[in-house]
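The figures here come from the full heavy-atom set of this structure, side chains too, leaving out hydrogens, waters and symmetry mates.
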Amino acid sequence: MTRSTVVLLVLTLIVSAASLFVGAADVTLGSLLSGHTESLEVMLISRLPRLLAILCTGMGMSIAGLIMQQLCANKFVSPTTGATISSAQLGILIALLFMPDSTIWSRAAFAFLTSILGTWVFVWFILRMPMKDPVMVPLIGIMFGNVIGGTTNFLAFKFDMTQALSTWLVGHFSLVLRGNYELVYLVVPLIAIAWFYAKWFNIVGMGRDFSKNLGVNYTFVLFAGLSIAAMITASVVTVVGSVSYLGLIVPNLIAIFKGDDLRATLADTALFGALFVLVCDLIGRMLIAPYELPIELIIGTVGSLVFIVLIFYRLRFGRRSMNRDSLLELFGLKRASETRHACPAEAVK
C-alpha cells in the first residue's frame, strides 16, 4: 500500500465519521452512547445508509470512468461523455412506462440493458473514426448523449412522466434510506472484477494489434470492461440519480500524479472519488442548512471547471504524468527557471 493510498484512506475515514453527525436532525456522539432511541434510529435508518451510498457512488463512478478511459485510450471519455448516464436514464423511463409498479431491481434491469447498449454504440462510433482527436471523441459522446437525453425528455413529456423522471435527472442523497439503496452495493463486486482484469484492460488500452500480439481477445475484453462500467453507472443512477463529471475528473487527477497503470491507480481512484463525493455532500448539507443542495449541483459546478482545466492540460502535455518540470511549464515558469540555472557560456550565446 503506497503512501498516497494510506493518506486518502485516513482522510476518507475522518470525513466519513464527520458526515454521520451533519444533518437536519441533531445527532451527537453522546446521545448515541447514552442509547437515545431517536438518535439511534436516525443513525441506522438515514445517516449510515447515506454514508454507504456516498462511498459506493464515489468509488463506483470513479472506477467506471477509469475503465472507460483506459479501454478507449482517451482521458476525456467517461460515463458523462460516453452517453452511459443518459442511456441508464432512458432505461429507467422505459421501466416506468411499461411497469408503473416496478421495483427498484426491475428498473435497474432496464437501466443495465440500455446503459450497456448505449455505451457499446458510442464505442462502436469512436472505433470507426478516422481521426481520434482527444477532444473530438468526448464531443461526439456528449452529442450522442444529448440525442438520447432528448428522446428521454420527449417520451417523458408525451406520457406525462416528467415529474417521475426528475428524480433520476439530478443526483441527490436526500431520499437514501434503509431498504431502498442496497442496489448500490453491486458496485463493490464489480470493482473487484475490474481489479482482477486490470492487466487485460491495460493491454487492450494499447490497441487492437498490441492485444492480438499478446494473445488477448481485444473485442471480448473491450466490451466486457465497458459492460462493467455501464453496470456500475446504472446501479448508481437507479439509486442516486445522475452524478456528472465524477468519472471524468477523478481518474484524470489521479493519473496526472500516478500514471496510467490501472491496477496501480485503482485504489487511489476509488478512495479519492469517495472522498470527493463526501466533501461535496457535506458542502451541500451545510451551505443552506437545515436544507441541502443536490450533490449534482456541487459536483457539476466543480467538475465543469476542472474539466476545462484538464482540457488545456491534456492538450499541452498529453498523457504525461505531473512532475516538477510540467508544473513549471504549466504556470509559465519553466523558461525563467532554465535561464536562471543556465551556465555563463549559454548566457553569452
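Judged by distance alone, the side chain of Ser19 and the main-chain N or O of Ser16 form a donor-acceptor pair under 3.5 Å. No donor-acceptor pair closer than 3.5 Å links the side chain of Asn202 to the backbone N or O of Asp261. Asn252 contributes a side-chain N or O that, together with a main-chain N or O of Lys75, makes up a donor-acceptor pair within less than 3.5 Å. Side-chain atoms of Arg285 come within 3.5 Å of backbone atoms of Val22 as a donor-acceptor pair (strictly under, hydrogens ignored). Using modelled atom types, no side-chain atom of Arg263 and backbone atom of Ala198 make a donor-acceptor pair closer than 3.5 Å. A donor-acceptor pair is defined here as one N or O able to donate and one able to accept, closer than 3.5 Å; no such pair exists between the side chain of Thr84 and the backbone of Thr80.
In the hydrophobic cluster analysis, where Ile, Leu, Val, Met, Phe, Trp and Tyr join through side-chain heavy atoms closer than 4.5 angstrom, Leu226 is grouped apart from Leu113. Both Leu9 and Phe272 belong to a common hydrophobic cluster when Ile, Leu, Val, Met, Phe, Trp and Tyr are linked at side-chain heavy-atom distances under 4.5 angstrom. Cluster annotation: Leu287 and Phe173 are assigned to the same hydrophobic cluster (Ile/Leu/Val/Met/Phe/Trp/Tyr, side-chain heavy-atom contacts under 4.5 Å, transitive). There is no path of hydrophobic side-chain contacts, each under 4.5 Å, that joins Leu51 to Val188. Under the 4.5 Å side-chain heavy-atom criterion for grouping Ile, Leu, Val, Met, Phe, Trp and Tyr, Ile142 is not connected to Val147 through any hydrophobic cluster.
Between Gln89 and Thr152, the shortest heavy-atom contact is O-CG2, 4.3 Å. Pairing each heavy atom of Asp281 with each of Ile295, the nearest pair is N-CD1, 3.4 Å. Listed here is the closest heavy atom pair of Leu55 and Ala274: CD2-CB, 3.9 Å. Ile148 approaches Ala83 most closely through the heavy-atom pair CD1-CB, 4.1 Å. Taking both residues in full, the closest heavy atoms of Ile85 and Ser242 are given as CG2-OG, 3.6 Å, listed atom of the first, atom of the second, then distance. When all heavy atoms of Val239 and Val184 are compared, the closest pair comes out as CG2-N, 4.0 Å.
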Side chain to side chain contact (heavy atoms under 4.5 Å, CB included) assessment of Val77 paired with Phe122: CA-CA 10 Å; Val77 176; Phe122 163 71; 3.9 Å; yes
Derivation and outcome, side chain to side chain donor-acceptor pair (under 3.5 Å), residues Gln69 and Asn74: CA-CA 5 Å; Gln69 290 171 15; Asn74 189 299; over 6 Å; no
Full working for side chain to side chain donor-acceptor pair (under 3.5 Å) between Ser244 and Glu296: CA-CA 7 Å; Ser244 303; Glu296 170 70 4; 2.9 Å; yes
Residues Thr233, Ser115; criterion side chain to side chain contact (heavy atoms under 4.5 Å, CB included); working and verdict: CA-CA 8 Å; Thr233 304; Ser115 61; 5.7 Å; no
Residue pair Ser78, Thr81: steps toward the side chain to side chain donor-acceptor pair (under 3.5 Å) verdict: CA-CA 5 Å; Ser78 71; Thr81 58; 3.3 Å; yes
Chi angles and distances behind the side chain to side chain contact (heavy atoms under 4.5 Å, CB included) call for Leu262, Lys199: CA-CA 8 Å; Leu262 193 146; Lys199 180 175 68 175; over 6 Å; no
Chi angles and distances behind the side chain to side chain donor-acceptor pair (under 3.5 Å) call for Ser106, Thr103: CA-CA 5 Å; Ser106 301; Thr103 64; 3.2 Å; yes
Thr219/Arg208 under side chain to side chain contact (heavy atoms under 4.5 Å, CB included): CA gap, chis, key distance, verdict: CA-CA 8 Å; Thr219 303; Arg208 185 186 298 271; 3.7 Å; yes
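In this structure, CG on Asn153 lies 10.0 Å from CG on Asn146, to the nearest 0.5 angstrom. A distance of 9.5 Å separates CZ of Phe276 from CD1 of Ile298, quoted to the nearest 0.5 Å. Note: Ser4 OG to Lys258 NZ = 3.5 Å, rounded to the nearest 0.5 Å. Atom-to-atom distance recorded for Trp195:CH2 and Ile191:CD1 is 13.5 Å, nearest 0.5 angstrom. Taking CG of Asp268 as the reference point, atom CZ of Arg3 lies at 13.0 Å (rounded to 0.5 Å). One distance of note links OG1 of Thr119 with CH2 of Trp124; it measures 15.5 Å at 0.5 Å rounding.
Around CD of Glu182, the count of heavy atoms belonging to other residues, nucleotides or ligands within 6.0 Å exceeds 12. Within 6.0 Å of OH on Tyr185 lie more than 12 heavy atoms contributed by other residues, nucleotides or ligands. By the 6.0 Å contact criterion, CZ on Phe21 is enclosed, its count of non-hydrogen atoms from other residues, nucleotides or ligands being greater than 12. Within a 6.0 Å radius of CE in Met143, more than 12 heavy atoms belonging to other residues, nucleotides or ligands are found.
Between Phe144 and Phe125, the angle of the ring planes goes over 60°, which puts this pair in the perpendicular group of the 30/60° scheme. Using cut-offs of 30° and 60° on the angle between ring planes, the pair Phe196 and Trp200 is parallel.
Inter-residue side-chain proximity for Ile116 and Ser227 is flagged as met; some heavy-atom pair is nearer than 4.5 Å. When side chains are defined from C-beta on, Glu292 does not count as touching Ile288, because their heavy atoms never get closer than 4.5 Å. Counting heavy atoms from C-beta on, the side chains of Ile203 and Phe210 come closer than 4.5 Å. Leu275 places none of its side-chain heavy atoms less than 4.5 Å from the side chain of Leu271. Between Thr2 and Thr5, some side-chain heavy-atom pair lies under the 4.5 Å cut-off. Contact of the Val243 side chain with the Val277 side chain is not registered, since no non-hydrogen atoms from C-beta on lie closer than 4.5 Å. Contact annotation: the side chain of Leu266 never approaches that of Phe201 to less than 4.5 Å [non-hydrogen atoms, C-beta and beyond]. At least one side-chain heavy atom of Ile126 sits less than 4.5 Å from a side-chain heavy atom of Cys72.
Evaluation of the side chain to side chain contact (heavy atoms under 4.5 Å, CB included) rule for Ser62 yields Leu246, Val250, Thr269 as partners, not counting sequence neighbours.
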